[in-house]
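One structure is given below, encoded as structure tokens.
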Amino acid sequence: MSLAVASTQAGGTASSLRHLAIIMDGNGRWAKAKRLPRLAGHRAGVEAVRRVVEAAPDLGIEILTLYAFSSENWKRPADEVSDLMGLLRHYIRSEIKELHRNGVRLSFIGDWKALQSDLVELLEDARQLTANNTGLRLVMALNYGGQDEMVRAVRTLAADVAAGRLDPAAIDTDMVGDRLDTAGMPPPDLVLRTSGEQRLSNFLLWQSAYAEFVATDILWPDFDRVALADAVAEFATRERRFGGR
Ligand code: FPP
């Protein structure tokens, strides 16, 4: 079977990058190199988010998932956590109109409803406002951890089994996928990590089963349209086999 046929059967073409997921890393090192406080690095990171959200549709990307705050990021000093939450609030408040105008559909994965209640309200309003948009789907991973997501999914399955609604033998990969935060979304084609690190760090563990991985040395605050185009070009050189040959 040709590669094109094999990969079409697996849900995409060899070179189509529909869903890009990014581990945005290196804000702290960017700030340190410039002798600036970490907050300046995170602020510059938000500017990179703006650039990438604007550039992604031009490169044919339909879904952009950004790892904005992990369930492990709570271990950071309280003032840094509070800075990150403040930046998120500011980003949503200042960008939502523009995102909506550009047809962006904003949604969230992770245990984001456990964030501060005013922030949850802001996020939910933004989600509802943009829910019917048909442009770029922007997914922010907030208070997200892949293991935590799987635990939450398993709990719902276990509850159905305990209630007699579900036969354990009937549980399959589709059923698990349908209970994840990403239910209904195609899996990422490419997971990209900036700043030279080559780890998944608990990001989209289930969904990345057949994703390509690209690591770039660029620190997230320096990431731009050209860097994004380079990553897309690197992805296009990959042969995807989805476990076949
Ligand atoms: C990693 O840098 C980045 C994060 C902690 C998450 C990403 C956050 C942003 C881009 C800013 C907030 C985003 C939005 C959309 C409001 P790091 O601090 O781990 O960098 P380091 O490894 O160099 O210290």
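Atoms within a ligand are numbered from 1 in the order they appear, just like the ligands themselves.
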Original post:
Looking only at heavy atoms, what is the nearest atom pair of Arg240 and Tyr210, with distance?
Top reply: NH2-O, 2.9 Å

**OP:** For Asp160, enumerate each residue passing the side chain to side chain donor-acceptor pair (under 3.5 Å) test, keeping only those at least two apart in sequence or located in another chain.
**Re:** Arg165, Arg179

Original post:
Is any N or O atom of Trp220, backbone or side chain, closer than 3.5 Å to an N or O atom of ligand 1?
Top reply: no

Subject >> salt bridge (Lys or Arg N to Asp or Glu O under 4.0 Å) between Glu95 and Arg50, worked out >> reply: CA-CA 9 Å; Glu95 290 297 299; Arg50 285 200 184 99; 2.6 Å; yes

Original post:
Hey, which atoms in ligand 1 end up nearer than 4.0 Å to a heavy atom of Arg38?
Top reply: 17 (P), 18 (O), 24 (O)

**OP:** Measure from NZ or CZ of Lys32 to the centre of the six-membered ring of Trp30 and say whether it is under 6.0 Å with the direction within 45° of the ring axis.
**Re:** no

Original post:
Between Asn143 and Trp74, do the side chains contain an N or O donor and an N or O acceptor separated by less than 3.5 Å?
Top reply: yes

Original post:
Within a radius of less than 6.0 Å around CG of Asp167, do more than 12 heavy atoms belonging to other residues, nucleotides or ligands occur?
Top reply: yes

Original post:
Under 30°, 30 to 60°, or over 60°: which ring-plane class applies to Phe108 and Trp112, parallel, tilted or perpendicular?
Top reply: tilted

Original post:
In terms of residue, atom name and distance, what is the protein heavy atom nearest to atom 6 (C) of ligand 1?
Top reply: Ala68 O, 3.2 Å

**OP:** Provide, to 0.1 Å, the distance between atom 4 (C) of ligand 1 and the closest protein heavy atom, together with that atom's residue and name.
**Re:** Met24 O, 4.0 Å

Subject >> Heteroatom distance test (Asp25, ligand 1): nitrogen or oxygen, under 3.5 angstrom >> reply: yes

Subject >> Electrostatic pair Glu124-Arg127, nearest N-O below 4.0 angstrom >> reply: yes

Original post:
What residue and heavy atom of the protein are closest to atom 20 (O) of ligand 1, and at what distance?
Top reply: Gly28 N, 3.0 Å

**OP:** Considering heavy atoms of the protein only, find what lies nearest to atom 15 (C) of ligand 1 and give residue, atom and distance to 0.1 Å.
**Re:** Met140 CE, 3.8 Å

Original post:
Starting from atom 14 (C) of ligand 1, which protein heavy atom do you reach first, and at what distance in Å?
Top reply: Val46 CG2, 4.1 Å

**OP:** With atom 5 (C) of ligand 1 as the reference point, say which of His90, Arg76, Glu80, Arg50 has the nearest heavy atom.
**Re:** Arg76

Original post:
Would you say Asn27 has any N or O atom under 3.5 Å from an N or O of ligand 1, going by distance alone?
Top reply: yes

**OP:** Would you mind running through ligand 1 and noting each atom that sits below 4.0 Å from a heavy atom of Leu87?
**Re:** 16 (C)

Original post:
Please state which protein non-hydrogen atom is closest to atom 11 (C) of ligand 1 and give its distance, to 0.1 Å?
Top reply: His42 O, 3.7 Å

Original post:
Can you list the atoms of ligand 1 that are under 4.0 Å from a heavy atom of Leu88?
Top reply: 16 (C)

Original post:
Quick one: do Arg238 and Glu234 make a salt bridge, cutoff under 4.0 Å?
Top reply: yes

